Amino acid sequence: MQASVENVNNKKTENIKKSLEKESEFGSKIDLEMYSIPEETIEVQKLDDLNPEIKDMIKKVGITPDTSDKSGSFMMYNANVSHKSASSDSFELMSTKDAIKKYDGLSEYAWNLVHPEKDKYTASDYLNKSDGYFIRVFKGQKVVNPIQACMMIGMDDSVQYVHNIIVLEEGSELNLLTGCITHDDIQRALHVGITEIYIKKNAKLTYSMIHNWGDTVDVRPRTSIKIEEGGQLVNNYVCLTPAKSVQTNPVTYLEGPNASAFFNTVAVAYKGSVLDLGSRVYLNSPHTKTEIISRTITLGGEVISRGDIIANAENVYGHLECNGLVLDPSGIQKAIPALESHAMDIELTHEASVGRVARDQVEYLMARGLSEEQAVGLIVRGFLSGGIEGIPEELSKEINDIVEKTKDAS
Amino acid sequence: MLRIENLNVSIGDRKLIKNLNLVVEKGETVILFGPNGAGKSALLNTIMGFGNFKVTSGKIFFKGKDITDAPIDERAKAGLGIMSQRPPNLAGVKLRELVEIEIGHGNKPLNVEELAEDTGMTRFLERDVNVGFSGGEIKRSELLQLSAQCPDFFLLDEPESGVDPVNMAHVGNKIQKLLMGDSTCVGEMKEKGKSALIITHTGAILDYVDADKAFVLCNGTIMCSGNPRLLLNDIKTHGYKGCINCKLQSKM
């Protein structure tokens, strides 16, 4: 193994070790032996103390070195925590390792929603005792300004194992922004991220993730979310820049009446990349609600938009929507929606559309005097920005770049 | 201004327009009547150059230039503007953005806010174009866009459809104002006014615009022409059967 996996001789660890052979249900195979966990680390008191080169890079994923409008900031570089700061006592923000120490194993939350035996990525993440952020918002506290967290890979042929835990106590609210990025110089890397999210009664989490991986980076996040009565999740996933492959399929359990979860994905697949983006939601309690909406573009890569909604209680609502644009003849778009019901009085719907930019829209704009190129650009820009609320300045640039690349696609 | 010669248009194997001839002069407002499926919308869409409609023979001249095969944007730049009956939704494209682009194309110092105020669309500027708009809102949105575009020739496909009576006055008056162009009175329209080809089923638009003549289109062919109000009265009394029979008689 690539790192110091401690040998704990209990049966659980043996089982988890067996899972190192277990391939993921989806996504291309990755040989974990090809990657090592780098020692290199950075530590800064303030994000503003980072070297200018890195500061510019993290800005691309919406992380601001000036933290004056943030309630808290966190950064992980390779395998280690580089920075953590908080300007409010309405929550605690620490490294997951520290939280496990502080709370005697943190057994209530750690590896409770994501199981280490799930596949080789979870097993390897567990066995390598990965670090990450632990955020707990205290009961009734509404964190006004967002917390930002940055995950950065800085070494070639390296794997970044991450384990994040987010807990929103009853009635609390948090806006969490995460930015994941690979250093510009990296030729090949792998990111494996475990995230376990607990949203308790009437708590509300807005969780926005912006990614900028690089076309030689494989990404395997493993996320599980549990939402109690009246709790709400708004989940935004944005990936506008190239990645070699991303395979993610977060699982959400709506476990109390009126719990709700909204998933919003905006992604672009460039030549050579495979984005397998799914979401599975279990509606396990009456009056729970979910919407899974994705807007994806292929510029020559492959996009697989999965969505599974499973209704296990009465009076639940679920809607799946996959919008896929094909802007390059070699691109592939697959929409795989699945609805499953085990109860009466439920409403589950899905709609999916895959194709080129709609001809009637282009012609409508041309009749207003826009050239075909301008018309397609305006439609593509609208398609992407319509899925991203309050677009950070940096993303506007990415969107402009994509619009540039789609000039002939009509 | 617009001259159509022996036009034949098809979609697939279906012939929609057959040997149609039509002339609209500068400053003239021409009404197009006809039953459902007569080819009225097909004619307007063909003049604008929309993709599905294939001109199998004949010519369309605009301002003396053959535009039969011209791209849509070239026709728009030449001065054609269309109000579609059911325009598509443009998710993520804000109405303000589109209007600003149109103003940018022109050479008139127009102001988005003023144009929006004038069409009752101020509240809709930050909305996605046509998404969730009611029938009346779609018409006013089209009029806002046309006000920014400033065409010399208006192709209006049923401007009254889906519009309630209160909004109809707003829509009708706005259309007349657009058709007046730079003319200060109706008398000046021949010189300074704009041209229009307007499809109407109910004739409600005739209460607002000063229409010069009307044509009846049936089965893709012009069956009759005359004074717009008198023709409308005839159609209301006898339906379109009268026009079809009359045309058949004239051929015998």
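Reminder, nothing fancy here: chain letters follow the sequence lines and each chain counts from 1. Atom set for the values below is all heavy atoms of this structure, side chains included, hydrogens, waters and symmetry mates excluded. Because the structure is predicted, anything quoted here is derived from the model rather than measured.
Other residues, nucleotides and ligands contribute only 12 or fewer heavy atoms inside 6.0 Å of the CG atom of B:Asn107. Atom NZ of B:Lys174 has more than 12 heavy atoms from other residues, nucleotides or ligands within 6.0 Å. Heavy-atom neighbours of B:Glu117 CD from other residues, nucleotides or ligands within 6.0 Å: at or below the threshold of 12. Annotation: B:Lys54, atom NZ; neighbour count of heavy atoms from other residues, nucleotides and ligands within 6.0 Å does not exceed 12. For A:Lys142, the NZ atom sits in a packed shell: over 12 heavy atoms of surrounding residues, nucleotides or ligands are nearer than 6.0 Å. Crowding of B:Lys26 atom NZ: a count of heavy atoms from other residues, nucleotides or ligands under 6.0 Å exceeding 12.
Taking CD of A:Glu363 as the start and CG of B:Asn52 as the end, the distance is 7.0 Å to the nearest 0.5 Å. Atom OH in A:Tyr364 sits 3.5 Å away from atom CD in B:Glu142 (nearest 0.5 Å). To the nearest 0.5 angstrom, A:Arg381 atom CZ is 13.5 Å from B:Lys94 atom NZ. Interatomic distance, CD1 of A:Ile379 versus CG of B:Leu90, reported as 6.0 Å (0.5 Å rounding). Here the CG atom belonging to A:Asp360 is positioned 9.5 Å from the CG atom belonging to B:Asn89, to the nearest 0.5 angstrom. In this structure, CD1 on B:Ile101 lies 4.5 Å from CG on A:Leu378, to the nearest 0.5 angstrom.
When each of B:Val129, B:Leu155, B:Ile82, B:Asp128 is scored by its heavy-atom pairs under 4.5 Å with chain A, the top score falls to B:Ile82.
Closest approach of A:Ala367 to B:Ala76, counting heavy atoms only: O-CB, 3.4 Å. Of all heavy-atom pairs spanning B:Gln149 and A:Gly369, the tightest one is NE2-N, 4.5 Å. B:His105 approaches A:Arg368 most closely through the heavy-atom pair ND1-O, 4.1 Å.
Proximity to chain A (any heavy atom under 4.5 Å) is restricted, for B:Glu97, to the side chain, taken from C-beta onward.
Residues A:Val362 and B:Ile72 have side chains not in contact (no heavy-atom distance under 4.5 Å, counting atoms from C-beta outward).
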